[in-house]
Amino acid sequence: MPKIAAIVATIVSALVAAVTIPTVIYLAKNRKKSNDSSTTKITDSKDGLLSPRITDNADKKDDLIKDVDSKNKKSDECHDIIRIEDIESKLKKYKSPINFLNIKAGGKSYHDPKLAKVFKETYNISQTIPINAVSSCRVYSSPNCKNKIAGDISLKWTTSKGTKEGNIYLNAGRSIGGIYDTIPRANQGKTAVLDFADYYKAGGGVMHGSKAQEECLGRVTNLTAFLWNEKIYKDLFGVNQYLRDAGKLGNNGGYADDRLMYIEGVTCVKKDTDEYETVPANQRRKVDIIWVAAPDLRCVSYSPAVREMLKSRVRAVCEVGKRNNVDTLSTGALGCGVFKWNPDDVAGIFKEVLVDEGYRKHFRNVVINIPNKHSQNYQAFSKKFTPFLYKKG
């Protein structure tokens with residue numbers, strides 16, 4: 001009997017071990033995965049640079065943190081969640097264009113050598129500003145994002161009505177300068193400017209002297225210098241280029257995707273005018289930037305589905321602005337330049353989101369800045385928004 005009891009005990013122990021050891025290994029692996037994807041605070045690397053991933057949420061509402069936690073818990077189950085660490089080796093070829101500045105301006109590759117020179121001046125000034133002067137950089141994915149990256153903050157569309165004034169202004173001005181021309185400083189509050197972004201290249205063609213809206217922001221602020229940081233460039237633009245080259249974003253990447261950035265505390269180092277005068281250090285102002293890219297109609301054909309992509313991104317811009325407690329939002333004719341969008345269509349999309357869906361009521365002021373009052377872009381927005389523009393008294 002003692003021998004039989006010993007044999008039974010041995011068998012039971014083996015069975016318990018067979019169940020317990022794999023379970024412990026599974027839990028350990030999944031605990032590691034969970035920890036890897038739960039980056040919710042600013043992290044300083046050894047060189048003191050801000051991580052471009054989700055930053056400090058301490059001053060945000062609980063629902064923001066819950067969204068992040070929920071997203072991370074699901075990330076091991078969903079096949080469409082992409083982890084940067086899983087594609088790290090494939091990102092090495094996507095380099096920041098920072099070394100471009102060592103090349104002398106000139107040649108056919110320059111749209112405007114004078115503007116390229118202005119950017120070099122801005123970039124050199126930006127190097128005197130600590131990169132962590134930008135207080136935070138958050139990456140968001142809307143519900144319509146096709147390629148979700150682990151660590152992005154997941155947006156949910158607003159169902160509650162806003163309670164702010166929701167005043168809409170149409171101004172024949174530039175994205176930053178137009179705010180100061182339109183809204184008294186005392187009434188501006190927290191201000192965010194929409195960046196009509198190049199999804200694959202930080203700053204677009206700013207180093208070549210291109211004249212589009214994003215390039216103007218790059219000549220006025222330290223935004224491009226911040227985005228050219230090697231780690232930020234790799235984690236955002238490197239991933240986007242990888243997805244484009246893998247054929248996941250339409251022909252030549254024309255669809256882009258519903259990923260946005262909210263960059264808080266960008267410094268204005270030059271005046272937002274054609275003269276680009278340098279601002280003395282003690283007079284510099286800060287603005288926040290909402291970075292988003294429109295689908296590029298040079299690469300993909302227009303369709304109702306592509307229109308819905310742009311509408312989703314305009315809605316996401318408003319949602320991100322609302323979540324970050326923006327008072328004054330500067331927008332404009334997103335996609336109506338080299339991306340070939342029809343201004344009437346884009347004006348209609350903004351009207352549908354801001355007015356029909358009520359997103360304007362989540363802001364004190366919405367300023368639609370379009371530089372040329374006689375342009376087709378300005379006329380299209382005037383036609384759609386004149387009945388809803390703010391009138392004194």
Side-chain angles (χ1 to χ4, degrees), residues 67 71 78 80-82 138-149 152-159 192-202 204 212-214 236-237 239-262 289-323 329 331-360 362 366 368 377 380-381 384:
D67 282 353
K71 172 76 157 46
C78 300
D80 59 342
I81 301 295
I82 300 167
R138 301 181 179 90
V139 184
Y140 294 85
S141 295
S142 92
N144 296 325
C145 185
K146 303 298 183 185
N147 301 275
K148 299 202 174 188
I149 310 299
D152 287 3
I153 300 174
S154 291
L155 289 174
K156 294 179 181 177
W157 301 135
T158 291
T159 55
V193 177
L194 179 58
D195 175 3
F196 306 174
D198 184 319
Y199 199 66
Y200 306 103
K201 188 166 56 178
Q213 187 260 7
E214 178 176 35
L236 186 80
F237 297 95
V239 170
N240 293 346
Q241 290 174 50
Y242 163 75
L243 292 172
R244 175 198 61 196
D245 295 348
K248 294 180 179 292
L249 297 172
N251 180 51
N252 202 28
Y255 292 140
D257 213 340
D258 278 38
R259 296 185 74 209
L260 303 86
M261 276 191 293
Y262 189 88
I289 299 292
I290 303 178
W291 177 100
V292 71
D296 188 345
L297 297 185
R298 296 172 301 177
C299 303
V300 295
S301 299
Y302 178 86
S303 68
V306 173
R307 185 185 192 276
E308 187 57 37
M309 286 181 187
L310 182 60
K311 185 174 180 179
S312 172
R313 291 171 203 176
V314 171
R315 186 186 298 120
V317 166
C318 295
E319 191 66 46
V320 167
K322 177 188 80 71
R323 280 172 168 259
L329 176 66
T331 68
L334 175 65
C336 293
V338 295
F339 283 11
K340 303 297 184 184
W341 279 82
N342 184 305
D344 292 313
D345 204 6
V346 174
I349 288 172
F350 271 92
K351 186 259 182 183
E352 290 164 19
V353 173
L354 288 169
V355 179
D356 300 348
E357 296 183 15
Y359 268 98
R360 68 173 177 164
H362 293 287
V366 177
I368 303 168
N377 291 349
F381 275 80
K384 291 290 183 182

Which atom pair, heavy atoms only, marks the closest approach of [X] to [Y]?
| X | Y | result |
| --- | --- | --- |
| A380 | D344 | CB-OD1, 3.4 Å |
| V353 | C318 | CG1-SG, 4.0 Å |
| L155 | A316 | CD1-CB, 3.9 Å |
| E352 | R307 | OE2-NH2, 2.9 Å |
| C299 | N251 | O-ND2, 2.9 Å |
| A347 | K384 | CB-CG, 3.7 Å |

Sub-4.5 Å side-chain heavy-atom contact between [X] and [Y]:
| X | Y | answer |
| --- | --- | --- |
| Y302 | D345 | yes |
| D198 | F237 | no |
| L354 | V366 | yes |
| Y140 | I153 | yes |

Salt bridge check, K146 against D258: does any charged N sit closer than 4.0 Å to a carboxylate O? no

Between R259 and D257, does any NZ, NE, NH1 or NH2 come within less than 4.0 Å of an OD or OE carboxylate oxygen? no

Validate the cation-pi geometry between R244 and Y200: distance from NZ or CZ to the six-membered ring centre under 6.0 Å, angle to the ring axis within 45°.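 Yes; both conditions hold, so R244 lies above the ring face of Y200.
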
For N144 and W157, what are the C-alpha separation, side-chain angles and deciding distance, and is it a side chain to side chain contact (heavy atoms under 4.5 Å, CB included)? CA-CA 10 Å; N144 296 325; W157 301 135; 3.9 Å; yes

Exactly one of V306, L334, D296 should register a side chain to side chain contact (heavy atoms under 4.5 Å, CB included) with W341. Which one does?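 Of the listed residues V306, L334, D296, the side chain to side chain contact (heavy atoms under 4.5 Å, CB included) partner of W341 is V306.
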
Side chain to side chain contact (heavy atoms under 4.5 Å, CB included), paired with V292, selected from V320, D195, L194, V314: L194

Calculate, to the nearest 0.5 Å, the distance between atoms [atom1] and [atom2] belonging to [X] and [Y] respectively.
| X | Y | atom1 | atom2 | result |
| --- | --- | --- | --- | --- |
| H362 | R323 | NE2 | CZ | 11.5 Å |
| K351 | I368 | NZ | CD1 | 12.0 Å |
| N240 | I149 | CG | CD1 | 7.5 Å |
| K148 | S142 | NZ | OG | 7.0 Å |
| S141 | I81 | OG | CD1 | 8.0 Å |
| C336 | N342 | SG | CG | 7.5 Å |

Is there a donor-acceptor contact under 3.5 Å from the side chain of Y359 to the main chain of T158? yes

Hey, does the side chain of R298 reach the backbone of V338 with a donor-acceptor pair shorter than 3.5 angstrom?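 At least one qualifying donor-acceptor pair exists.
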
Greater than 12 external heavy atoms within 6.0 Å of K311's NZ: yes

Give a yes or no on this: more than 12 heavy atoms of other residues, nucleotides or ligands lie within 6.0 Å of atom NZ of K248. no

Pair W291 and Y199, ring centroids less than 6.0 Å apart: yes

